[in-house]
Amino acid sequence: MLDRQRIRENPGRIRDASARKGSDAPLDEFISLDAERRASLTELESQRAEMNRASKSIGLLVAEGKNEEAATVKRQAKALKDAVASGDDRLREIEARLHEVELLIPNPPHQTVPDGDSAESNVEVESWRSKPEFEFEPRPHWEIGERLGILDFAGGGKISGSGFIVFRGLGARLHRALLNFMLQKHTEAHDYTEVYTPYLVNRDTMTGTGQLPKFEDDMYHMERDDLFLIPTAEVPVTGLHRDSILNGEDLPIYYVASSGCFRREAGAAGKDTRGLLRVHQFDKVELVKFCSPAESYNELETLRKDAASVLEELGLHYRVTLLCAGELGFAAAKCYDLEVWAPGVGAYLEVSSCSNFEDFQARRLNIRYRPVKRAKPKFVHTLNASGVALPRLMAALLETYQKADGSVLIPEALRPFMGVDRIQAD
RNA sequence: GGAGAGAUGGCUGAGCGGUCGAAAGCGCCCGCCUGCUAAGCGGGUAAGUCGGGCCAAACCCGGCUUCCCGGGUUCGAAUCCCGGUCUCUCCGCCA
């Protein structure tokens, strides 16, 4: 959600920005509704002021015992009441429509975001180490996993359907080890506060971070309770400070949360879906920051480094791309993708999106802070990054550390969490 | 799931048809006092929005809205009535 005044004063700018994102935001409707709202608000308020004055004088007249005069004013007030009521209904209707429309306007991209409408226009900004060399043909993780008996795709399909996965034995332990490794890193080395949140959230929370109303089809929805399964911990963690005024001295606030993530992946059927590449349920460690507007772009850079440090410690080759405007999410102003190299699949896998939402989510969620004591509250900036998504990380890890004999070496950093230094077939 | 209690400003908490945007206290801010500090004294301290004071920011003035949310009664609702949400207590159920 954008500052209404910003749209009002610069509709052309916002229109261009939406176009860069490839969005057909209903700006004309917004502008006319906004004008209509302000006109009827002014009118209604003057009517209401008149009525308030009348009511107040009745109170005074009654107190003075002038009952006949009070009765006269009462009759006048009754007439005013109807005018106010109808004006109020009209305003409410306009406001509701205006709000619906404003929720569909995307966050404009930051000026450093390149133009473009496909992944080809993304800009690689960094690359860490190089692709590992193999003396044999590296296998994809689904082959490695099934040969070792640690990934059970059939089991997931049987109990839930395609796109659901079962980890077994050391595979399940590797899953747990990776989560613990990442959580420990972010809490101890990077000073994030760990939180554990609900996996089911209400409609308001889902709207606050921008998933609703546009992307309802991508979400699992519990109709009976009108609750949604979270697609990322970003949703509950960012929602944590909804409707509050934070103390400026407490900023920045850093949170890390490990959670299950649930995505219907409607429309993505058949695309990069093999193995662990695209599943309906996966675990992810998420980093979320709340900070002042002046700091948010610095925070974005450190956020990205914090997320990438996971890959570096695990010795996995990755690259960082700056997303072009057309690839940028609805709510983000700027976003880097972290892509880890999976030698078996022969592709870079997106394991983290590091985004600055500026005040877009904060406005929807009404999260503000006081820069200094007694100052007016301002909206915070919110950021988040995966640190990182688990299945694809595991895929890259299995493929990078596979050996000719089919076993997989466990990287040094992970051994304390695994208890073994290698996974091999029984 | 059943029964009961509650929801008021940054916090605690009073108010239970009119002058209440709301007592009092805490916290915070400004000032006074005092070698310094503490204490004391005086004052100020909710948010949003619209309009005006200047074009913008700060600030000031005025209107409107907001005492969990929605609806109703009334000229007038924090206060009365109805519905809902959440919190707490007890019972039931349950990992």
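Chain naming here is simple, since letters A, B, ... match the order of the sequence lines and numbering starts at 1 in each.
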Please work out if [X] contacts a base, only the sugar-phosphate, or nothing of the nucleic acid, heavy-atom cut-off 4.0 Å.
X: A:R75; result: nothing
X: A:R53; result: nothing
X: A:L41; result: sugar-phosphate
X: A:A49; result: sugar-phosphate
X: A:R4; result: nothing

Counting only side-chain N and O atoms of [X], is one of them less than 4.0 Å from OP1 or OP2 of [N]?
X: A:K78; N: B:U74; answer: no
X: A:N52; N: B:G76; answer: no
X: A:R38; N: B:U49; answer: no

Inspect the contact between [Y] and [X] and indicate whether a charged nitrogen and a carboxylate oxygen are less than 4.0 angstrom apart.
X: A:R264; Y: A:D218; result: no
X: A:E358; Y: A:K334; result: no
X: A:R4; Y: A:D34; result: no
X: A:E412; Y: A:R415; result: yes
X: A:R15; Y: A:D28; result: yes
X: A:E93; Y: A:R90; result: no

Determine the interatomic distance between [atom1] on [N] and the same-named atom on [M]; round to the nearest Å.
N: B:G72; M: B:G76; atom1: P; answer: 12 Å
N: B:C94; M: B:C80; atom1: P; answer: 40 Å
N: B:U87; M: B:G48; atom1: P; answer: 28 Å
N: B:A24; M: B:C33; atom1: C1'; answer: 26 Å
N: B:U79; M: B:U74; atom1: P; answer: 16 Å
N: B:U45; M: B:C11; atom1: C1'; answer: 14 Å
N: B:G2; M: B:G92; atom1: C1'; answer: 8 Å
N: B:A14; M: B:C68; atom1: P; answer: 14 Å

With both distances kept under 3.5 Å, what pairs with [N], Watson-Crick or G-U wobble?
N: B:C86; result: B:G6
N: B:G1; result: B:C91
N: B:A23; result: none
N: B:G17; result: none
N: B:A78; result: none
N: B:G51; result: B:C61
N: B:G35; result: none

- Under 3.5 Å: donor-acceptor pair, side chain of A:S46, backbone of A:E43: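 Yes; at least one donor-acceptor contact below 3.5 Å.
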Just the rounded figure in Å: distance from [atom2] of [N] to [atom1] of [X].
X: A:R48; N: B:G63; atom1: CZ; atom2: C1'; value: 11 Å
X: A:K378; N: B:G48; atom1: NZ; atom2: P; value: 13 Å
X: A:Q47; N: B:G63; atom1: CD; atom2: C1'; value: 13 Å
X: A:L44; N: B:G63; atom1: CG; atom2: C1'; value: 12 Å
X: A:I58; N: B:G76; atom1: CD1; atom2: C1'; value: 7 Å
X: A:D226; N: B:U85; atom1: CG; atom2: P; value: 13 Å
X: A:L91; N: B:U66; atom1: CG; atom2: P; value: 13 Å
X: A:R37; N: B:U65; atom1: CZ; atom2: C1'; value: 11 Å

- Nearest to the side chain of A:P377 - B:G63, B:G48, B:G76?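 Side chain of A:P377 sits closest to B:G48.
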- Please confirm whether A:F290 and A:Y369 have ring centers closer than 6.0 angstrom.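 No, the ring centres sit 6.0 Å or more apart.
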- Message: Nearest heavy atom decides the nucleotide; on that basis, is A:K56 or A:S46 closer to the 5' end of RNA chain B?
- Response: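 Checking each residue's closest nucleotide, the 5'-ward one belongs to A:K56.
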- Message: Please compare A:Q5 and A:G59 by the position of their nearest nucleotide in RNA chain B and report the one closer to 5'.
- Response: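 Between the two, 5'-proximity favours A:G59.
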